[in-house]
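The next block holds one structure in the form of structure tokens; read it before the comments.
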Amino acid sequence: MSERGARAWILTPVWLWLGTLVALPFGIVAKLSISEQALARPPYRPLLAWEEGGAVWQGTLGNYLMLATDPLYLRALASSVALAAGSTAIALLVGLGLAQAAIRAPLRWRALALAAIVLPFWTPSLIRIYAWIGILKPEGYLNAALRALGAIEQPLAIHGSWAAVTIGLVYTYLPFAVLPIYAALERQDPALAEAAADLGCPPWRAFWIVTVPAAWPGLAVGGLLMFCPAVGEFVVPELLGGPGTPMMGRVVWLEFFNNRDWPLASAAAMALVAILAAPFLIHQRLGARR
Amino acid sequence: MSAPIARIERLGCRFGALAAVDGVDLDIAAGEFLALLGASGSGKSTLLRAIAGFEPPAEGRIEIDGRDMAGVPPHRRPVNMMFQSYALFPHLDVASNIGFGLRQEGVAAAEIARRVDEAMAMVAIGHLAGRKPDRLSGGERQRVALMRALIKRPMLLLLDEPLSALDRKLRAATRRELAAIQRQVGIAFVMVTHDAEEAIGLADRLAVMDRGKLLQIGPPRQVYDRPANRRVAQVTGEVNIVEGSDATWLDLGAGAWAIRPERIMLGERAAGLPRGGMAEVVELRSTGALWQVTLASERGARLSAALLSSQIPPTPGTRLAFGFAADAAVPVPP
Amino acid sequence: MKRGFAPVHGVALALGLVFLYAPIVLLAVYSFNESRLATLWGGWSLRWYRGLPENRALIEAAWTSLRIGIAAATLATAVGTLTGIALDRLGRFAGRWALGGLVALPLVLPEAILGLALLLTFIALGIERGQGTVILAHAVLAVGYVALVVQARLALIDPRLEEAARDLGCPPLKTLAVGPVPLLWPAIMAGWLLALVLSLDDLVLASFASGPGSTTLPMRIFSQARLGVTPEINAIATLLIGVVAATVLLASVLIKGTAGRR
């Protein structure tokens, strides 16, 4: 078989798969986002209608206009970005601490420490998020413990708050942050930290001005890998959040399932993608400058 | 030797059961260039790292400028190190890398800028000030690393295999530059290397280490010509070790003897030399600058001799006379 | 090279592990609680586990999830392995850049968007929704992960192996089969396992892509969890975590064993 033949055997199924199940769906969402809702099956009007005298354009930017003007959607957009960004920042800090601690552990403990950090993430995330309800709800373990210690009299209303959603996001996506950071720190020449110390920099300062900046590529990748799914998260705000923590993933879900507004759900999805494109472009820009 | 700037007494470092550095005594004089020579695993790098403060000594003491260094962390020691990997900070440009140490001391920005410019001018890298390390050549990185360590004017500059990452040709030029800079700044240099030629060519004093112990220390030529024992003779260069019946063949006394190949003369040049005999030429090889000749006695003892390429080489298979001066054979206890 | 493990590192590690494991441990402990009230300890009991076999809907959902997971993982491993080979071994080809982007897209897109897009596509193409569509949806997500794992492993395998095979007269496709693919087995197995776990874990994609008769276990658990914490969910959750953790540990031992033999 020729070289060309071998390539075709590999590339044809791959392109077919990615074309119909990734590219096409994306195009359909884009198309629907500029369609108009209708009381029909399917519940939208086609972009082009055939009437007398030819095709009539029925596309509209109304869905986007609605997203951009309705305070409800704007709030969901803003709070999605804020919650995802905040929890990504926290996860990066926690990840840095955990990765650094694991790397400094004696060699035979290192793999074990990393495995212990990663193992929980093989278990179903739905269950791990659900477990936090029991801890955070008013009559949950945390409040019970605090009350037993005499720290509080009235239960703290953590469940349903932004704090609960942040905890949930950090907990769910921590490995996305830890693993790239761990990889970056492990690749780092240990002489870097030593050189900083040798030049008069105390250890704590050396960690922040040398070790962390030198691991920046890992931090950026970890941050992106976490921020992107987190910004559109559905399960965490649904189970741990409340009316004060609207997120776009839920908006897409609710518009689609509850309001049957497919075009608006599609427009919300496209808006989310636009938000996600921003950090990618910044990342590439930074990468190019290096 | 002037008053020592650093004293190392009975120093020992351990990795588990292994004694990486074992009872080392060493004085370092102000302004001298000291080379620590040894094979990998000889403890030379550990000794250097102990002076810098990265390896806690298990026993003994290190004194720098009259101050005991026990318990002093690396960032408070008046020494700086040039790392084998250079350890340049990848996120900082050349000027910031060089100025790093001064910033840690809280030196004023204008003063830092001035001294960084001066340092860069010294090794002609001023045009690279704004570059990140990953856009520098090997030689440029080496200079940045050297200047970053020197700019704080340490009591002692520690160099861990400073030339090993460079290719052969660059190494020769950089070696000359390193010697010139050392003379110019007058700071004591302690260089770790496994390359005997490099150590002998650069150092004022040569210290040979093996299995954690300091075997011999002295002027490089003296160590090379009069090695204290077999290991020193081997580490410092090519050498014939002659012992037992081979030693009797050469009229040497009992025990083991070291003879450098270039001290063995062949053919008519051997005439009149007090030691020697007849041997067969079994192999002739050229390294470019030298001929390497392998000689064999009738009983199979081997000797290698080296002569300059400009001389006419002997023909393999022939028998010829060889000889060497009385002081060319040095007794070397094991 | 020695690097210091200071007390601060020990504390960081300990705190991190408490954060990671405390919720799971609490969940597991309270699944053995006699009391119906979540936070009141009423003594050890297996009563919530005894009730599980009679919960027909739950059992059915578990089997559905397993069937879908195995099918999706197998499909994703086949496509993902080809994709990984295409990305690492075919050099430059037209559209390589786009291919890489399309593979990575499902990894970074929020699941709600991917789910919506796939559902709209199934509707547009007139594909009846059911277990098949859930399998496809899960495979779409998992292909990216499998390709990533395979590509990373391939990058570690010397391409000169294949050149040697070609040099000795092996045709191109067969070269892949005798050269890197046998060495890839650990990565392919790891990819399959990862795909299975992703499928068993997923709620959002399944909710969008499912139709009648394809309610998965996470969907079933989710519909109950929305209503609050109950000992029954604690029990099934603990069981699931135990099964998954055991599978992962077993698999990692197996994979390490395979890797070690080579």
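Residue numbers start from 1 in every chain, and the chains themselves are labelled A, B, ... in the order their sequence lines are given, proteins ahead of strands. The basis for the numbers below is simple: all heavy atoms, side chains too, and nothing from hydrogens, waters or symmetry mates.
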Write out, in numerical order, the residues from residues 133-141 of chain C with a heavy atom short of 4.5 Å from a heavy atom in chain A.
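So far as heavy atoms go, C/Leu136, C/Ala139, C/Val140 are the residues that approach chain A to under 4.5 Å.
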Who passes side-chain contact (heavy atoms from CB on, under 4.5 Å) against A/Ala101, sequence neighbours left out?
C/His9, C/Ala12, C/Leu13
Under the side-chain contact (heavy atoms from CB on, under 4.5 Å) test, which residues partner C/Leu82, sequence neighbours left out?
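Residues passing side-chain contact (heavy atoms from CB on, under 4.5 Å) with C/Leu82: A/Ile10, A/Pro13, A/Val14.
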Of the backbone (N, CA, C, O) and the side chain (C-beta and beyond), which part of [X] lies under 4.5 Å from a heavy atom of chain C, both, or neither?
X        : value
A/Phe227 : neither
A/Ile117 : both
A/Leu11  : side chain
A/Leu107 : neither
A/Trp122 : both
A/Leu32  : side chain

Assert yes or no for the condition that the ring centre distance of A/Tyr171 to C/Phe19 is strictly below 6.0 Å.
yes
Which portion of [X] sits near chain A, non-hydrogen atoms under 4.5 angstrom:
X        : result
C/Leu125 : side chain
C/Leu119 : side chain
C/Leu102 : both
C/Pro218 : both
C/Leu20  : both
C/Val103 : both
C/Leu75  : side chain

If the contact rule is any heavy atom under 4.5 Å from chain C, which residues of residues 250-257 of chain A qualify, in numerical order?
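Residues in range: A/Val252, A/Trp253, A/Phe256, A/Phe257.
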Do you know which of A/Pro120, A/Gly97, A/Ala30 has the most heavy-atom pairs with chain C at a distance under 4.5 angstrom?
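Max contact count across the listed options: A/Pro120.
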